[in-house]
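Heads up, the thing below is written out as structure tokens.
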Protein chains: 2
Amino acid sequence: MTGKKLTLQLDFHSGLPIYTQIVNQIQSQLVNGILKPGDQLPTVRALALELRVNFNTVARAYRILDEARIISTQQGRGTYITEIPPPEISEKLRRESLASLTQRFISEAFRLGFSEREVSQMVRDSLKLVLSRVEASRKEAADNDSK
Amino acid sequence: MTGKKLTLQLDFHSGLPIYTQIVNQIQSQLVNGILKPGDQLPTVRALALELRVNFNTVARAYRILDEARIISTQQGRGTYITEIPPPEISEKLRRESLASLTQRFISEAFRLGFSEREVSQMVRDSLKLVLSRVEASRKEAADNDSK
DNA sequence: TCCTTTATTGTACTAATTGTATCATTGTCA
DNA sequence: TGACAATGATACAATTAGTACAATAAAGGA
């Protein structure tokens, strides 16, 4: 059995869809620090059992949260809160998380024998590539909107 | 006990299956000379114990590498890096492994909400930091030699 | 030396756990 | 009553774990 215990209060007569209530409450627990990045959520079946709803309803909520990049669901593995630092964290913490991410990357690259020059060149190239892809998908979305 | 010590970094909620991460990292260590033809890898059980995964997960990774002719697994003997390095192990592959490492880093940073500017600045800073540390330890070694 | 036994190692097959996809059912509201 | 949204049922796919087995090597004794 996996996944953190999750205490949710559903109101079956509120008019709000169950999956919306699940989405909202997970989101608010994340904002309030009850859930933290990296936490594993209950499985769709376990949470469904506890809430006495169909597991597809939980799956739907999880899918919405996944599309919002709030959680990451992985078939056969489980679902996890993503590591995105909440927007309200301090700039200092934010920088630290980028610094540690970067240091992991660089030390791995060095361990693999790449030089400073190779690493910085590859970072430049990759950034360029990613940005051009972002640009392209933004354009595509605009096209879809206009048609 | 057999098999070279193997340093692998697993991320259990990266979305990538464990066996894929094992495959990728062994491949990149080979391409970059950390593993050499003829080296014996840890046994499926030993590596599994160290990584805290089921040994079948390691076996699956080894099977994939075996099918790619990168390693040779022999029942009752162990697992070895193939003596004849596949012809495609070349500068090209080496560059590709850096590219994929870099892309993982960048997409993670973007997912965390950092901008291109922040990422490239942090890479510059971190590289500088690492290089200065390398320099310092080289100097210290030289001092020790001379005394 | 040669045979037997035991330990080590990878393999095969199966089961369990987890999320996904699709369609059916239900309920509400215009 | 027809349309649509919400929920449920069922079958499926991906990942990992459990168990038994086969091949090889190493150890030990006749």
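Below, chains carry the letters A, B, ... as their sequence lines are ordered, and counting in each starts from 1.
Atom P of nucleotide D:dT15 and atom CD1 of B:Ile18 are separated by 11 Å, given to the nearest angstrom. Atom P of nucleotide D:dA11 and atom CG of A:Asn54 are separated by 14 Å, given to the nearest angstrom. Between the C1' atom of C:dT11 and the CD1 atom of B:Ile64 lies a distance of 15 Å, rounded to the nearest Å. The nearest whole Å value for the distance from the CG atom in A:Asp66 to the P atom in C:dA21 is 11 Å. For the pair B:Phe55 CZ and D:dA20 C1', the interatomic distance rounds to 10 Å; values are reported in whole Å. Across the protein-nucleic acid pair, A:Leu51 atom CG and D:dT7 atom P stand 12 Å apart, rounded to whole Å. B:Gln40 places its CD atom 13 Å from the C1' atom of D:dT24, with the value rounded to the nearest Å. The CG atom of B:Leu47 sits 18 Å away from the P atom of C:dT8 (whole-angstrom rounding).
Within 4.0 Å of B:Arg60, counting heavy atoms only, lies at least one base atom of the nucleic acid.
The residues B:Arg104 and A:Glu108 are annotated as not salt-bridged, no charged nitrogen and carboxylate oxygen being separated by less than 4.0 angstrom.
Taking only side-chain nitrogens and oxygens, B:Arg63 never comes nearer than 4.0 Å to OP1 or OP2 of C:dG10. Contact annotation: B:Thr57 reaches the phosphate of D:dA17 (side-chain N/O to OP1 or OP2, under 4.0 Å). Dashed line: the shortest gap from a side-chain N or O of B:Thr73 to OP1 or OP2 of C:dT9 is not under 4.0 Å.
In the displayed structure, B:Gln9 atom CD is contacted under 6.0 Å by at most 12 heavy atoms of other residues, nucleotides or ligands. Within 6.0 Å of the CZ atom in A:Arg111, the count of heavy atoms belonging to other residues, nucleotides or ligands exceeds 12.
Between the side chain of A:Asn56 and the base of C:dA21, a donor-acceptor pair under 3.5 Å is found. The base of C:dG10 sits within donor-acceptor range of the side chain of B:Arg45, with an N or O pair under 3.5 Å.
Annotation: the span from B:Ile18 atom CD1 to B:Arg52 atom CZ amounts to 13.5 Å, rounded to 0.5 Å. Atom OG of B:Ser126 is separated from atom CD of A:Glu116 by 11.5 Å, given to the nearest 0.5 angstrom.
Taking every side-chain heavy atom of A:Thr79 into account, C:dG19 is the closest of D:dG8, C:dG19, D:dT16. Comparing D:dT24, D:dT15, D:dA22 against the side chain of B:Tyr19 picks out D:dT15 as the nearest. Which of C:dT18, D:dA6, C:dG10 sits closest to the side chain of A:Thr43 comes down to C:dT18. Taking only side-chain atoms of B:Gln75, from C-beta outward, the nucleotide of C:dG10, D:dT16, C:dT20 with the closest atom is C:dG10.
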